[in-house]
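Only one structure is covered here, and it is reproduced in the block below.
In what follows, every chain begins at residue 1, and chains take the letters A, B, ... in the order their sequences are listed. Only this structure's heavy atoms are used, side chains among them; waters, hydrogens and symmetry mates stay out.
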Number of protein chains: 2
Amino acid sequence: MTDIIEAYLKKVLQQQEQVEIRRSEIAQLFDCVPSQINYVINTRFTIQRGYLVESKRGGGGYIRIIKVQVLDDLDMLNTMIEIIGKSISEKEAKSVVQKLYEEDIVSKREAKLMLVAMDKSLYTGDRLLDNRLRANLLKSMLANLKYEEPKKRKADNS
Amino acid sequence: MTDIIEAYLKKVLQQQEQVEIRRSEIAQLFDCVPSQINYVINTRFTIQRGYLVESKRGGGGYIRIIKVQVLDDLDMLNTMIEIIGKSISEKEAKSVVQKLYEEDIVSKREAKLMLVAMDKSLYTGDRLLDNRLRANLLKSMLANLKYEEPKKRKADNS
DNA sequence: TTATGATTAGTCAAAAATAGTCAAACACTT
DNA sequence: AAGTGTTTGACTATTTTTGACTAATCATAA
């Protein structure tokens, strides 16, 4: 079942670079429970496989799957993410960002934005906690740099 | 429905800098209850998204939506920093960043970096604390943009 | 001027319409 | 038997829609 739904969605995505579904409709179409759709998405349309997923609940809710393009700095970014680990100091974090800039992976403005976000003064004051928060933030930003959407998005509510 | 009404009003606001409606008329036009209009306004035309709303009840009553006008980038950034204040939710923060992007003050990549940094999942889980941390971070990033050279403008592909 | 009724818009909470999570049950493979 | 991946469904979370009730303003009558 999972494979069938995956194939169906991929087929649509061959024509378009994104697809928007109503979870319950697809579930009906394939005669399965709605949460099966979540399973398909969680296992087959991950960011590692090159897909971004957005959704909204409530009236007019949807699930949108977007094909993304993996950029060539992937390896460097992955390595850095590994290095960062669960925790990182302000200094180390700033040198990671500096490195990104030197490697031409981010622009000067982008680097400055990231540097600001690493600054000690923004956090709670509890060093261990701060180092973990900082690591999470930096890793998220790096992960974000790995991919790029092929096309414009419409009005983003959220 | 909400999206449709939002789109309608935004379309009008593309032509004019403000729009004045009679609540019951719009409700009739879209065949919904009048309070739906309040919902649209409260969720889609907030100050974080760059709109001011005025209204009057009674005979000849109206609802007026005004696009906030800013003189230049610096002005806009200062205004946003004020709006952010000491604490901001994930949703509001993302609205602010979205607005920054729409106003062409940040590039798409910059916006995405900032959006990632606003995400709930990165913080401690204590909502009040998180909202304060988020406000500090966002304000720092905005302040940083004030002193940067302006973003280089390319043909807007996005 | 004051009271009253008509005409608006605002508020709030319940109901409806979605999607998400998680763990138990199931089915295969090794 | 143990491990892995899939299916299911009960429960949760979020967003929108609806409507009854409230508040403000205006027009008019007393």
Task: Residues B:Glu17, B:Lys67: salt bridge by 4.0 Å N-O rule - done: no
Open item on the list: Can a donor-acceptor pair be found, under 3.5 Å and without considering hydrogens, that links the side chain of B:Arg64 to the backbone of B:Glu54?
Closed with: no
Rounding to a whole Å, what distance do you find between [X]:[atom1] and [N]:[atom2]?
| X | N | atom1 | atom2 | result |
| --- | --- | --- | --- | --- |
| A:Asn42 | C:dA19 | CG | P | 14 Å |
| B:Glu6 | D:dT16 | CD | C1' | 13 Å |
| A:Asn38 | D:dA10 | CG | C1' | 14 Å |
| A:Asp31 | D:dG9 | CG | P | 11 Å |
| B:Lys91 | D:dA13 | NZ | P | 14 Å |
| A:Tyr62 | D:dT14 | OH | P | 15 Å |
| B:Glu54 | C:dT8 | CD | C1' | 17 Å |
| B:Gln36 | D:dA20 | CD | P | 16 Å |

Open item on the list: Taking the cut-offs as 6.0 angstrom to the six-membered ring centre and 45 degrees off its axis, would you call B:Lys112 and B:Tyr101 a cation-pi pair?
Closed with: no
Task: Member of B:Ile63, B:Ile65, B:Asn38 meeting the side-chain contact (heavy atoms from CB on, under 4.5 Å) criterion with B:Ser55 - done: B:Ile63
Nearest-neighbour nucleotide for the [X] side chain, [options] considered:
| X | options | value |
| --- | --- | --- |
| B:Arg23 | D:dT14, C:dT11, C:dA19 | C:dT11 |
| B:Tyr39 | D:dT16, D:dG9, C:dG10 | D:dT16 |
| B:Met1 | D:dT17, C:dT18, D:dT18 | D:dT17 |

Does [X] reach a base, just sugar-phosphate, or nothing at all? Heavy atoms under 4.0 Å.
| X | answer |
| --- | --- |
| B:Ile63 | sugar-phosphate |
| B:Arg64 | nothing |
| B:Ser55 | sugar-phosphate |
| B:Thr2 | sugar-phosphate |
| B:Ser24 | sugar-phosphate |

TODO: Please test A:Val12 against A:Ile21 for side chain to side chain contact (heavy atoms under 4.5 Å, CB included), starting from the C-alpha separation and ending with a verdict.
DONE: CA-CA 11 Å; A:Val12 177; A:Ile21 62 172; over 6 Å; no
Task: Sequence-aligned protein contact record of nucleotides 22-30 of chain D, with B where the base is within under 4.0 Å of a protein heavy atom and S where only the sugar-phosphate is - done: -BBBS----
- [ ] Begin with the C-alpha distance, continue with both residues' side-chain angles, and end with the deciding distance and a verdict on side chain to side chain contact (heavy atoms under 4.5 Å, CB included) for A:Leu71 and A:Leu145.
- [x] CA-CA 8 Å; A:Leu71 302 177; A:Leu145 292 171; over 6 Å; no
Open item on the list: Test of understanding: clusters of I, L, V, M, F, W, Y form through side-chain heavy atoms closer than 4.5 Å, transitively. Do A:Leu115 and B:Leu138 belong to the same one?
Closed with: yes
